[in-house]
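See structure below.
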Amino acid sequence: MSEAPASTPSAQPAKKSMDAIMALCKRRGFIYQTSEIYGGINGFWDYGPLGAQLKKNLRDAWWQDMILNPCWGRKGPNGNRVRCVPLETCIIQHPKVWEASGHVGGFNDPMVDCKESKGRYRYDHVQVFVPESGDAGDKPVFAYVGDQPSEAKQRKKAEKTFGAIKSVTLSSIPQPWARVIGPDAEKPGTLTEPRMFNLMFDTIPGAIRDEANKAYLRPETAQGVFVNFKNVVDTTRVKLPFGIGNTGRSFRNEVTPRNFTFRSREFEQAELEFFCHPDESVEWYKFWRDFRMDWWKAIGLAGENLILREHDKDELSHYSQGTSDVEYRFPFTAPGYGELEGIAHRGNYDLTQHENTSRTKLKYFDAERGELLPNGSRKGEWYIPHCIEPAAGLDRGALALICEGYTRDESRPSPEFLKLHPRVAPIKAAVFPLVAKDGMPEVGEKLYDELFAKFGRMGFIEFDEKQSIGKRYARMDEAGCPFCFTVDGDTLTNQTVTVRDRDSGQQERIGIDKVSGFLSEKLG
RNA sequence: GCGGGUGUAGCUCAGUGGUAGAGCGUCAGCCUUCCAAGCUGAAUGUCGAGGGUUCAAAUCCCUUCGCCCGCUCCA
């Protein structure tokens, strides 16, 4: 999450109510709490009929624009069409995968809590001021964490107590608990012993329960790509540069799941690992970063709620030459932003790690590089490709689409509606007879059959003749259906219907034979 | 994990120890020629869960779970 840039204009739209959005999601069947009839379980959510279709449409859009027709046919920085292939890998991988990736270490950080300040600190981040020489004896020692006000404060106190001091890690002191003053505390003995917070879920494959066989549910889909890199190269005739895309569920045992589906313990990712020569990697990084921003805009997040945030140098991993986040201003992060997708230049870190850990050669032989030989071919070059990783959260994307689309306009007869982009809207169109008599239902059903046959594979097409026309429009507005076609008295004489635009409420009249063409154009 | 708030129908919420409620939504019928209209009717709840106090608990007490806010965490 990041703060709003100082330059953001004050023209901030009225803050949307997250409660109202969550109520609508429940009411219209977008998102439910999982196992709700048993009281729910923290950090897990189910998608209702409309939500499931919305998320599928989002996933399909990603698949279409990242794998089947990457970047809408845009040429990459090398002047060629971008090439990508899909992959589908397991949630449970060999445990060594997560050792190589660093997750087993990084995800199992011991933490200490402070009973006085209520703070929690990473055990290995806590430093302690002790006398420069000798023992502190019965006197308390002063803990602090770097880059925080606690350091200066504790230093002053420690110098007053001991005179000359030095700094050591908390973990280097045996049994310190009774005499340590926490970073933000006044009294000694308030820190708890370190406790493990397992951020990876584990399980034990095999019928016989044996801890030695422990395996993890993946915390990201990316590693499945890296460990299959050699397989894809060996079996599919791909040539660098190319990408491997992968969507699927990942699991993180978040300390505090929060903010509706934004931070869930089970979530779905859509990740592309794009491999290229090190010399071209920065260009590709910029290319993907810009395309991913354009993509989110194109499916409905246009506007100032969406920003691209380039990480500062000191935020970057040691192997990265650049990372950007596509961030959206959710109602619960405003005026700050929450991450939708990270685009990371990962260097050759992952492949190198797996090469070292698995002792399998993951270098790539690039036959189009190296010196020119007399016969016209090239000598070739061995290298570990660099990787650019655009990694999107589909649940966060779906939530952003809902938040962005949620609109409240008191001047409308149906004040709440969802402005979903037609491409992702779960209901694509609805057909209504104005009244259920005079032959209108029959004409409407015929039109419905036609639209269902042509567009039913993209999403739901609705037909409804019950109740007043206003109520039917209102229902479609809340469900985010972009277009309603209404058969009225005039239809029976001149073969035209009205098409109502969800966002403006305006209607225009088009020939009943033009409806399919109209929808084709609008749905893309 | 800590602190605060909260939990009653699908949604929003009334209900401070004595028969479980309203509005909206949903469904059905009537009506209706363009925006949640009207009329009639219907369905829907172990009052988050478990335990306790009481003749009697949605209401008081304890435990627990979920959600919201603030810390913390976010490789």
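The structure displayed is predicted, hence computed values, not measured ones. As a basis for the values below, the full set of heavy atoms in this structure was taken, side chains included, without hydrogen atoms, waters or symmetry mates.
Nearest to the side-chain atoms of A/R28 among the listed nucleotides B/U32, B/G66, B/A36 stands B/A36. Here the side chain of A/P413 is nearest to one of B/C27, B/C35, B/C34, namely B/C35. The nucleotide whose nearest atom lies closest to any side-chain atom of A/K466 is, among B/C67, B/A28, B/A36, B/A28. Comparing B/C34, B/C67, B/A36 by their nearest atom to the side chain of A/S414 picks out B/A36. Minimum atom distance to the side chain of A/K471 is reached by B/A37, of the listed B/G66, B/A37, B/C35. The side chain of A/R475 lies closest to B/U26 when the candidates are B/U26, B/C69, B/C67. Taking every side-chain heavy atom of A/Y473 into account, B/C35 is the closest of B/C69, B/C35, B/A37. Side-chain proximity of A/R263 to B/C74, B/G66, B/U33: nearest is B/C74.
Residue contacts shown for A/R500 include a base, since a base heavy atom lies under 4.0 Å away. Counting any heavy atom pair closer than 4.0 Å across all strands shown, A/G43 reaches sugar-phosphate atoms only and no base atom. A/D488 comes within 4.0 angstrom of a nucleotide base, judged by non-hydrogen atoms across all strands. A/D438 comes within 4.0 angstrom of a nucleotide base, judged by non-hydrogen atoms across all strands. Using a 4.0 Å heavy-atom criterion, one finds that A/F432 contacts no nucleic acid atom at all. Counting non-hydrogen atoms under 4.0 angstrom, A/Q507 reaches a base of the nucleic acid. A/T498 comes within 4.0 angstrom of a nucleotide base, judged by non-hydrogen atoms across all strands. No contact: A/M18 has no heavy atom under 4.0 Å from any strand. Nucleic acid contact class of A/R502 (heavy atoms, under 4.0 Å, all strands): none.
Among all heavy-atom pairs drawn from A/L351 and A/P385, the shortest one is CD1-CD, 3.8 Å. Across all non-hydrogen atoms, the minimal contact from A/A429 to A/L519 is CB-CD1, 3.7 Å.
Both cation-pi conditions hold for A/R396 and A/F262: the charged atom is under 6.0 angstrom from the six-membered ring centre and inside a 45 degree cone around its axis. Relative to the six-membered ring of A/F417, A/R502 misses at least one condition, a distance below 6.0 Å or an angle of at most 45° to the axis. Stacking of A/R475 on the aromatic ring of A/Y473 is not recorded, the 6.0 Å distance cut-off and the 45° axial limit not both being met.
Here, B/G4 and B/C74 have their C1' atoms 23 Å apart, quoted to the whole Å. Taking the C1' atom of each, B/G10 and B/A43 are spaced 12 Å apart, rounded to whole Å. Between the P atoms of B/C2 and B/U8, the separation comes to 24 Å (whole Å). Spacing of P atoms, B/U59 relative to B/C47, comes out at 10 Å, to the nearest Å. A gap of 24 Å separates the P atoms of B/C24 and B/A20, to the nearest Å. Annotation: B/U19 and B/U32 have their C1' atoms spaced 40 Å apart (nearest Å). Taking atom C1' on both nucleotides, B/C73 is separated from B/U12 by 33 Å, rounded to a whole Å. B/C11 and B/C60 are spaced 30 Å apart, taking the C1' atom of each and rounding to whole Å.
Under the Watson-Crick or G-U wobble criterion, with both distances below 3.5 Å, B/C55 is paired with B/G18. With a cut-off of 3.5 Å on both pairing distances, B/A37 has no Watson-Crick or G-U wobble partner at all. Across all strands shown, B/C31 has no partner, as no Watson-Crick or G-U wobble contact with both distances under 3.5 Å is found. If you check B/A42 for Watson-Crick or wobble pairing at under 3.5 angstrom, you find it paired to B/U26. As the counterpart of B/G7, B/C65 is assigned, both hydrogen-bonding distances of the Watson-Crick or G-U wobble pattern falling under 3.5 Å. Nucleotide B/G70: paired with B/C2 (Watson-Crick or G-U wobble, both distances less than 3.5 Å).
Here the P atom of nucleotide B/C68 and the CD1 atom of A/I21 are 13 Å apart, to the nearest Å. Between the P atom of B/C74 and the CZ atom of A/F267 lies a distance of 15 Å, rounded to the nearest Å. Distance, A/N253 CG to B/G1 C1': 13 Å, rounded to whole Å. A/F332 places its CZ atom 14 Å from the P atom of B/C67, with the value rounded to the nearest Å. Between A/F262 atom CZ and B/C69 atom P the separation is 12 Å, expressed in whole Å. Whole-Å rounding puts the A/D490 CG to B/C34 C1' distance at 11 Å. Between the CG atom of A/L492 and the P atom of B/U33 there is a distance of 13 Å, rounded to whole Å. Atom CD in A/E36 sits roughly 10 Å away from atom C1' in B/G66 (whole-Å rounding).
For A/F229 and A/F275, the gap between ring centers is short of 6.0 Å. Less than 6.0 angstrom separates the ring centroid of A/Y144 from the ring centroid of A/F129. Aromatic ring centres of A/F518 and A/F483: separated by under 6.0 Å.
Taking for each of A/E465 and A/M22 the nucleotide of RNA chain B with the nearest heavy atom, the 5'-most of the two is the partner of A/E465. With the nearest nucleotide of RNA chain B identified for both A/I37 and A/R27, A/R27 has the one nearer the 5' end.
Neither OP1 nor OP2 of B/C68 sits under 4.0 Å from any side-chain N or O of A/N259. Phosphate contact (OP1/OP2 of B/A37, side-chain N/O of A/S468, threshold under 4.0 Å): present. The side chain of A/K26 contributes no N or O atom lying less than 4.0 Å from OP1 or OP2 of B/G10.
Judged by atom type and distance alone, A/Q467 does not reach the base of B/A36 through any side-chain donor-acceptor pair under 3.5 Å.
At least one side-chain heavy atom of A/F260 sits less than 4.5 Å from a side-chain heavy atom of A/W45.
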